[in-house]
Amino acid sequence: ELEYLTKADLEELRRLARPPQPIRDCLEVVYLTLHHRKVADAVEGLPDVGRLPVDWKRVQAMLVGFETFYPMMDNFDIGPLMECPAVARYIA
């Protein structure tokens with residue numbers, strides 16, 4: 001639940017230069033989910049066992065704005081993501 005997520009929490013995550021892999025994996029999924037239209041073509045071109053490289057700096061940039069990030073997460077509508085089936089399958 002997002003009610004427990006604070007600006008300080010996001011700042012702590014953003015400042016990680018080399019986050020532990022589980023944290024990085026989770027935040028990459030969040031990035032791909034929120035930016036599904038931007039990454040749809042790249043995901044569609046992946047081989048079945050491929051992994052889309054997500055630049056950690058892009059994830060950090062996503063976390064920098066609590067005032068925009070939190071509402072994007074809180075008000076997320078899955079409908080547009082489902083219109084990008086390749087991305088939905090990839091993050092599942």
Side-chain angles (χ1 to χ4, degrees):
E1 294 191 21
L2 291 177
E3 65 189 49
Y4 300 108
L5 186 64
T6 68
K7 189 174 186 174
D9 294 334
L10 289 180
E11 184 60 22
E12 182 179 350
L13 291 170
R14 187 187 69 77
R15 288 185 180 186
L16 294 173
R18 291 189 188 107
Q21 197 61 48
I23 291 173
R24 184 175 178 134
D25 290 345
C26 179
L27 289 173
E28 285 180 5
V29 168
V30 171
Y31 177 85
L32 294 170
T33 301
L34 294 177
H35 299 92
H36 57 275
R37 287 193 174 102
K38 290 182 184 178
V39 300
D41 289 339
V43 169
E44 287 175 8
L46 285 176
D48 288 339
V49 294
R51 182 174 171 111
L52 183 67
V54 177
D55 184 1
W56 180 245
K57 290 183 188 284
R58 290 182 185 263
V59 175
Q60 289 173 309
M62 171 186 73
L63 297 173
V64 84
F66 182 80
E67 292 76 17
T68 56
F69 176 74
Y70 188 89
M72 282 188 346
M73 290 291 296
D74 198 34
N75 300 313
F76 183 72
D77 177 8
I78 197 169
L81 173 61
M82 298 315 291
E83 293 172 5
C84 299
V87 178
R89 277 190 308 274
Y90 179 76
I91 62 175

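Remember, predicted model here, so these are calculated numbers, not experimental data.
For the pair Lys7 and Glu11, the salt-bridge criterion is not met [side-chain N within less than 4.0 Å of a carboxylate O].
Atom NZ in Lys57 sits 15.5 Å away from atom CE in Met62 (nearest 0.5 Å).
Listed for the Asp9 side chain is no donor-acceptor partner under 3.5 Å among the backbone atoms of Leu5. Checked by atom type and distance alone, the side chain of His35 never pairs as donor or acceptor with a backbone atom of Leu32 at under 3.5 Å.
Leu81 is listed as a side-chain neighbour of Phe76, based on a closest heavy-atom distance under 4.5 Å. For the pair Tyr90/Arg51, a side-chain contact is recorded, criterion being any heavy-atom separation below 4.5 Å from C-beta on. Residues Leu27 and Leu63 have side chains in contact (heavy-atom distance under 4.5 Å, counting atoms from C-beta outward). Residues Ile91 and His36 have side chains not in contact (no heavy-atom distance under 4.5 Å, counting atoms from C-beta outward).
Closest heavy-atom contact between Leu10 and Phe69: CD1-CD2, 3.4 Å. Considering every non-hydrogen atom in both Val43 and Ala86, the closest pair reads CG1-O, 3.4 Å. The two residues Phe66 and Thr6 make their nearest non-hydrogen contact at CE1-C, 3.6 Å. Contact detail for Arg24 and Pro19: the closest heavy-atom pair is CB-CG, 3.8 Å. Across every non-hydrogen atom of Trp56 and Leu16, the tightest pair is NE1-O, 2.8 Å.
Grouping the Ile, Leu, Val, Met, Phe, Trp and Tyr side chains by contacts below 4.5 angstrom, directly or via other members, places Val64 apart from Tyr31.
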Working for side-chain contact (heavy atoms from CB on, under 4.5 Å), residues Val87 and Arg37
CA-CA 9 Å; Val87 178; Arg37 287 193 174 102; over 6 Å; no
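Residue-environment remark: CE (Met72) exceeds the threshold of 12 foreign heavy atoms within 6.0 Å.
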